[in-house]
Amino acid sequence: MTVNSPVSLTEIPHNNLYRKGDVFVLFGELFGRGYVTGLLDQAKKAGMEIIGITVGRRDEANRLRALTPEELAEAEANLGGRIINVPAMAGFDLDAPAGEPTPTDLLAPLTLETWETAKLDWAQIERCRAVGVERFKGAVAEIMRELDGMIADGKNVHFAHTMAGGIPKAKVFLVIANRIYKGRGARHMSSQVLLDSDMGKLILQNFDEVSANSFRHLIEGSAAIRARIEKSGGQVRYSAYGYHGTGILIGDDYRWQTYTNYTQGYAKMKLEAIAEEAFAAGIKATVFNCPEIRTNSSDVFAGIELPLLPLLKALKKENGGARAERIWQECESLLSEGHSIDDVLKAIADFQVSDVMKPFYDFNNWPMPNSQGQSDITIETSNAIAQMHKDGKALISDRLSALVVEATGALIFGEVANPSGPVLWLNHDVVAKQINAAR
Ligand SMILES: NC(=O)c1ccc[n+]([C@@H]2O[C@H](COP(=O)([O-])OP(=O)(O)OC[C@H]3O[C@@H](n4cnc5c(N)ncnc54)[C@H](O)[C@@H]3O)[C@@H](O)[C@H]2O)c1
């Protein structure tokens with residue numbers, strides 16, 4: 001491996017650190033079917049105590065508030081643990097010094113005609129960023145004060161970072177995002193045009209705060225707890241979810257590929273750098289770069305499921321036994337009369353090797369902007385495969401996403417005991433091995 005290629009987990013690791021009574025802290029709020037549910041299940045199975053946080057809610061005036069008693073009870077029931085009720089929303093899209101406009105206010109007057117050339121007040125944005133960062137760091141400090149009293153000496157602690165996001169609620173951007181991620185033909189929009197605009201630059205800054213810098217604030221904010229735990233014989237670990245493409249089967253070989261356009265990629269590389277810096281300082285923090293799956297957050301990306309579906313092939317290749325066979329049958333039963341998994345895989349194989357996709361297999365150039373041809377073929381292949389199903393709401397990609405969530409949970413839980421590095425890719429080979437190994 002060179003530094004310019006992904007460092008991958010290749011064997012199934014086994015947790016030999018966490019035991020009953022240790023503490024699992026979820027840094028991010030749990031919503032439905034997301035990645036962290038797999039890791040949380042492992043922590044619960046090991047008998048760990050679960051503590052969560054909330055991103056808070058906004059009142060009519062957009063002020064961030066804690067959860068009401070009813071919301072808190074519901075969130076705690078959903079999590080299966082206690083929640084520290086201090087709103088920890090990252091990003092600064094709705095922050096500003098008192099009486100001044102927020103970044104979302106600055107974006108409000110922009111229209112489809114003006115956004116590309118509109119100039120933003122960067123001094124104002126910087127003031128808002130400073131307010132947002134101070135607010136978030138303050139929330140983390142308050143959370144850590146409460147948490148400190150909840151963790152006894154000698155316990156092992158796992159902090160699981162799951163935060164990603166930061167799309168501001170500006171009308172014009174919602175239209176643009178729809179066109180960048182879902183537009184084909186005449187509705188296609190170049191992701192590069194967005195990045196070249198002031199609005200795009202603002203959004204990238206907000207992504208950095210939510211998806212990357214929040215991990216730094218977690219690591220720094222928990223320094224006192226870490227020191228106390230380590231002094232008393234316990235250990236502290238940090239994990240975060242990254243995305244930086246995935247090795248999947250293309251033909252008969254595993255090969256790195258990526259979903260395009262992943263605008264958040266710059267923030268994900270910052271997240272990796274934060275883990276690298278912490279690791280070098282002796283803090284066991286690892287970013288796990290995970291496969292493309294469908295979640296509440298990723299449904300905005302049309303075609304995100306295309307790299308997921310060849311996992312079916314990997315299941316067979318990695319000593320697929322009875323479980324792999326069952327998964328194939330379950331998936332095939334979701335297709336309508338006259339369609340088979342082979343048809344699905346054929347559509348993806350054609351997509352993978354098409355000329356228009358060739359420039360995108362370039363790890364060192366990631367994240368690349370989209371192109372008209374690439375958006376068109378991605379969305380068309382995605383639609384064609386969706387149409388092979390009996391029911392648009394029961395897709396093979398739903399089933400496979402759930403399996404990947406479960407498998408990555410086990411892999412991450414196993415690896416964090418003694419993490420081999422700060423940034424690790426979980427590719428389809430090891431994910432398939434884990435799925436086949438689980439009953
Ligand atoms: N879905 C994928 O294909 C995929 C692939 C690789 C990595 N990931 C990563 O996995 C992690 C979990 O994402 P997911 O896809 O499971 O979706 P998800 O919607 O379940 O999780 C997103 C998380 O981000 C938090 N969040 C969103 N905006 C926030 C803000 N402004 N401040 C603080 N927290 C905020 C939410 O509370 C939630 O916990 C993310 O880091 C994501 O980038 C996802």
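Note that ligands are numbered from 1 as they come in the structure, with each ligand's atoms numbered from 1 the same way. Side chains are part of it too, since the values below use all heavy atoms of this structure and drop only hydrogens, waters and symmetry mates. Here the structure is a predicted model, which means the values were calculated and not measured.
Nearest to atom 24 (O) of ligand 1 among the protein's heavy atoms is A164 N, 3.2 Å. Counting only heavy atoms of the protein, atom 43 (O) of ligand 1 lies nearest to K268 NZ, 2.8 Å. Closest to atom 2 (C) of ligand 1, if we only count protein heavy atoms, is I293 O, 3.7 Å. For atom 14 (P) of ligand 1, the nearest protein heavy atom (residue, atom name, distance) is T295 OG1, 3.5 Å. Considering only non-hydrogen protein atoms, atom 7 (C) of ligand 1 sits nearest to G242 O, 3.0 Å. Nearest non-hydrogen protein atom to atom 36 (C) of ligand 1 is E29 O, 4.0 Å. Closest protein heavy atom to atom 21 (O) of ligand 1: S297 OG, 3.9 Å. With respect to atom 32 (N) of ligand 1, the closest heavy atom belonging to the protein is A90 N, 2.8 Å.
H158 and S239 are linked by a side-chain donor-acceptor pair at a separation below 3.5 angstrom, with hydrogens and angles left out of the test. Side-chain contact of N213 with D208: a donor-acceptor pair under 3.5 Å is absent, judged by distance alone. A donor and an acceptor atom, one from each side chain of S401 and D398, are nowhere located under 3.5 Å apart.
Distances from atom 5 (C) of ligand 1 to the heavy atoms of G32, G38, P291, S298 show the closest one on P291. The option from Y243, Y35, F207, F301 that lies nearest to atom 4 (C) of ligand 1, judged by heavy atoms, is Y35.
A heavy-atom separation below 4.0 Å is not found between H161 and ligand 1.
In summary, the atoms of ligand 1 found under 4.0 Å from a heavy atom of G34, numbered by their order in the structure, are 16 (O), 20 (O). The ligand atoms of ligand 1 that sit less than 4.0 angstrom from a heavy atom of E292 are 3 (O). Set against the non-hydrogen atoms of Y241, the atoms of ligand 1 under 4.0 Å away are 9 (C), 10 (O), 11 (C), 41 (O). Annotation for ligand 1: atoms under 4.0 Å from non-hydrogen atoms of F31 are 20 (O), 37 (O). Atoms of ligand 1 found under 4.0 Å from any heavy atom of M163 (numbered from 1 in listed order, with element): 24 (O), 25 (C), 33 (C), 34 (N), 41 (O). Close approach of ligand 1 to C290 (heavy-atom distance below 4.0 Å) involves ligand atoms 5 (C), 6 (C).
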Would H244 and F363 satisfy ring pair (Phe, Tyr, Trp, His ring centres under 6.0 Å), going step by step from the backbone distance to the final call? CA-CA 9 Å; H244 198 152; F363 180 78; 4.8 Å; yes

Report the C-alpha distance between F413 and Y18 in whole Å, list the side-chain angles of each, state the deciding distance to 0.1 Å, and finish with yes or no for ring pair (Phe, Tyr, Trp, His ring centres under 6.0 Å). CA-CA 9 Å; F413 197 70; Y18 296 127; 5.5 Å; yes

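The only option from T263, N370, T378 that meets the side-chain hydrogen bond (donor to acceptor under 3.5 Å, both in side chains) definition with Y181 turns out to be T263. Only one option out of R135, R127, R63 pairs with D95 in a salt bridge (Lys or Arg N to Asp or Glu O under 4.0 Å); it is R135.
Nearest heavy atoms, L17 versus A417: CB-CB, 3.7 Å.
Contact check on D376 versus R184 returns no salt bridge, with no Lys/Arg side-chain nitrogen under 4.0 Å from an Asp/Glu carboxylate oxygen.
A side-chain donor-acceptor contact under 3.5 Å links N261 to the backbone of M368. Checked by atom type and distance alone, the side chain of E76 pairs as donor or acceptor with a backbone atom of I83 at under 3.5 Å.
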